[in-house]
Amino acid sequence: AEANAIEPIENIDKYANDLKSLLPKRALMCIGEYPIHLLLKGHFVVKLNGVLPLFIDKSSVDIAKWSQAPLDQKHIIGLDADLDTHFWFNIIPTVAIIESLTSRLKSTPIEKLQDAVIVSSVWDGVGSALLPTLISQLNEWKVSSVALTLIPSKIQPLENQFNAFAAIGTCLTKDPATLVLIDRDNLESYIGVDRDGHMINGNEIANYIVDIILSKDTFVQELNELAKTFNSKLYTLLLASGASLKIYGSIGNILDTTLFKPFLTFDLSSATLLYVLVRIPYHLKEKLSRAKLEMAVASWFKDKATLKSIHVTEPIYAEDATDRVDIALFIGGFDTTKMFSAQEKKIKAMKDQAVKNGFIKEEDWVNIVKNLTE
């Protein structure tokens with residue numbers, strides 16, 4: 001009888017531990033119509049273990065409509081107000097909106113999480129206003145974050161370039177903030193394969209990138225440590241997806257393929273920092289040990305850039321019988337002055353008009369420009 005009395009208590013402990021393992025440790029925050037559409041195409045996003053998905057845009061009704069599977073209402077945060085969302089400066093002053101957003105976030109367990117991966121477009125008013133705002137709020141709650149920041153296509157109108165410039169510049173004033181810049185043109189022209197050898201065309205690669213990132217528990221913490229140590233907040237990405245080791249013959253040859261499809265047009269020779277995520281089948285653990293991967297990456301980079309730091313993290317092991325390798329190179333410390341100076345000239349007239357109309361202050365703009373071009 002005594003044994004029976006004890007058993008339920010042991011069961012309660014077991015259930016409590018099971019429940020604990022299901023509770024989210026991280027958030028995936030998706031801001032803006034374009035990235036929400038992208039990530040809702042991938043079925044894995046709504047079934048993530050240990051990850052709290054949050055979709056944030058102008059209208060919660062629209063977000064619910066965009067999903068192929070029913071979304072939990074707790075995962076949808078709409079601003080749900082009659083707002084002009086052309087520019088970030090139409091949204092930021094609406095303190096009530098920002099306060100309502102913060103209290104909605106507080107109703108989720110986000111303050112208790114260890115970190116957040118953010119995917120945000122910055123060409124629309126919502127993304128350009130909320131990305132810097134949310135990074136600040138997360139910092140206040142001591143939740144570290146890395147933001148995959150989608151920047152506009154060259155053919156998008158000037159207002160989109162203006163929003164993106166302001167959003168990135170404002171994020172750089174937030175300490176800490178780590179942004180991975182992904183150019184929409186480069187994202188949409190991506191061609192690769194997945195771990196099963198199926199084609200990945202264009203922006204559906206975004207789901208693949210997020211999947212790799214979320215497979216590594218320490219990703220946000222490690223990339224942030226690198227950013228903080230070297231005071232370098234801007235990164236971009238080179239990726240080899242589903243590359244067969246048998247076909248390519250070596251890690252160096254696989255790395256060569258990343259140069260044909262960068263996610264940002266930048267000067268690789270000016271790069272100084274590197275964080276490497278690798279996903280390999282478990283049976284290749286000895287053949288492609290972390291030490292061997294470090295040597296292969298260092299050797300590949302030696303004629304391409306003078307790197308201050310290379311961090312190859314412990315590989316992610318996939319339970320499959322293939323010989324396919326995923327390598328994501330997060331590259332930082334490269335020269336952005338040329339890119340942002342050219343952009344600043346293009347949007348100057350639009351900025352002058354906004355200052356004249358009292359939407360933004362000249363000194364605030366000077367700070368944004370300073371962050372991006374010095």
Side-chain angles (χ1 to χ4, degrees), residues 30-39 41 88 117-128 131-132 146-172 177-192 200-210 212-213 223 227 232-241 257-271 273-275 277 304-305 327-347 368 371-373:
C30 196
I31 311 166
E33 182 176 347
Y34 181 87
I36 290 175
H37 269 293
L38 274 191
L39 292 195
K41 268 188 208 164
W88 84 96
V117 173
I118 304 171
V119 185
S120 178
S121 49
V122 285
W123 55 75
D124 50 291
V126 174
S128 59
L131 179 61
V146 167
L148 301 184
T149 307
L150 308 182
I151 62 174
S153 158
K154 287 166 196 63
I155 60 169
Q156 283 179 255
L158 274 180
E159 67 175 43
N160 296 147
Q161 318 292 340
F162 184 36
N163 280 335
F165 189 93
I168 296 166
T170 307
C171 286
L172 294 189
T178 308
L179 309 186
V180 179
L181 302 181
I182 294 178
D183 184 299
R184 182 178 179 174
D185 288 329
N186 299 40
L187 182 71
E188 292 184 354
S189 61
Y190 189 89
I191 295 173
I200 302 176
N201 281 318
N203 60 20
E204 58 194 58
I205 190 64
N207 277 295
Y208 202 81
I209 293 166
V210 171
I212 294 173
I213 286 173
L223 191 60
S232 187
K233 296 177 181 179
L234 292 182
Y235 293 78
T236 190
L237 177 62
L238 293 176
L239 178 73
S241 62
T257 68
T258 65
L259 297 175
F260 302 123
K261 45 198 177 187
F263 285 98
L264 184 76
T265 307
F266 73 108
D267 175 11
L268 181 63
S269 68
S270 68
L273 302 172
L274 178 64
Y275 175 86
L277 264 188
K304 295 179 178 67
I327 305 178
L329 304 173
F330 293 86
I331 296 173
F334 53 89
D335 182 25
T336 54
T337 311
K338 201 167 146 191
M339 175 170 92
F340 288 119
S341 297
Q343 209 175 4
E344 190 213 349
K345 288 189 184 85
K346 285 182 197 160
I347 57 177
I368 287 169
N371 281 327
L372 291 175
T373 58

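We count residues from 1, following the sequence as given.
Closest approach of Ser232 to Gly332, counting heavy atoms only: OG-C, 4.3 Å. Listed here is the closest heavy atom pair of Val146 and Val180: CG1-CG2, 3.9 Å. Closest heavy-atom contact between Ser241 and Tyr208: CB-CE2, 3.6 Å. Heavy-atom minimum distance, Ile31 versus Pro35: O-CG, 3.1 Å. Here the closest non-hydrogen pair linking Ala227 and Tyr235 is CA-OH, 3.2 Å.
Considering CG of Leu148 and CD1 of Ile182, their distance stands at 5.0 Å, rounded to 0.5 Å. Between atom OG of residue Ser153 and atom CG of residue Asp183 there is a gap of 7.0 Å, rounded to the nearest 0.5 Å. Rounded to the nearest 0.5 angstrom, Leu273 CG and Ile331 CD1 are separated by 10.5 Å. The CG atom of Leu131 sits 6.5 Å away from the CG atom of Leu179 when rounded to the nearest 0.5 Å. Going from atom CG of Leu264 over to atom CG of Leu187 covers 11.5 Å, rounded to the nearest 0.5 Å. With rounding to the nearest 0.5 angstrom, the CZ atom of Phe162 is 9.5 Å from the OG atom of Ser128.
Formation of a donor-acceptor pair under 3.5 Å by the Asn163 side chain with backbone atoms of Trp123 is found in this model. In this structure, Gln161 contributes its side chain and Gln156 its backbone to a donor-acceptor pair below 3.5 Å. Remark: side-chain polar atoms of Glu344 are not paired, donor with acceptor, to backbone N or O of Phe165 under 3.5 angstrom. Panel note: side chain Thr178, backbone Lys233; no donor-acceptor pair is recorded below 3.5 Å. A distance-only check finds no donor-acceptor pair linking the side chain of Glu188 to the backbone of Asp185 [under 3.5 Å]. A donor-acceptor pair under 3.5 Å is absent between the side-chain atoms of Ser121 and the main chain of Leu150, judged by distance alone. Side-chain atoms of Thr149 come within 3.5 Å of backbone N or O of Ala147 as a donor-acceptor pair. A donor-acceptor pair under 3.5 Å links the side-chain atoms of Asn186 to the main chain of Pro262, judged by distance alone. In this structure, Asn371 contributes its side chain and Gly169 its backbone to a donor-acceptor pair below 3.5 Å.
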Please determine whether side chain to side chain contact (heavy atoms under 4.5 Å, CB included) holds for the pair Leu234 and Ile168, giving the CA-CA distance in whole Å, both sets of side-chain angles, and the decisive distance to 0.1 Å.
CA-CA 9 Å; Leu234 292 182; Ile168 296 166; 4.1 Å; yes
One pair to check against side chain to side chain contact (heavy atoms under 4.5 Å, CB included): Arg184 and Ile151. What are the steps and the verdict? CA-CA 6 Å; Arg184 182 178 179 174; Ile151 62 174; over 6 Å; no
So Glu33 and Leu38, side chain to side chain contact (heavy atoms under 4.5 Å, CB included) or not? Walk me through it. CA-CA 9 Å; Glu33 182 176 347; Leu38 274 191; over 6 Å; no
Steps toward salt bridge (Lys or Arg N to Asp or Glu O under 4.0 Å) verdict (Lys338, Asp267): CA-CA 10 Å; Lys338 201 167 146 191; Asp267 175 11; over 6 Å; no
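Taking 4.5 Å as the limit, some side-chain heavy atom of Asn203 sits within range of a side-chain heavy atom of Lys41.
Remark: Ala328 engages Leu237, Leu239, Leu277, Phe330 in a side-chain contact (heavy atoms from CB on, under 4.5 Å) (not counting sequence neighbours). The side-chain contact (heavy atoms from CB on, under 4.5 Å) test applied to Pro132 returns Thr170, Cys171, Lys174, not counting sequence neighbours. Listed by chain and number, the residues in a side-chain contact (heavy atoms from CB on, under 4.5 Å) with Leu259 are Leu238, Leu268, Trp300, Lys304 (sequence neighbours excluded).
No hydrogens or angles considered: nothing links the side chains of Asp124 and Tyr34 as a donor-acceptor pair under 3.5 Å.
Aromatic rings from Tyr190 and Phe263 are positioned such that their centres are separated by under 6.0 Å.
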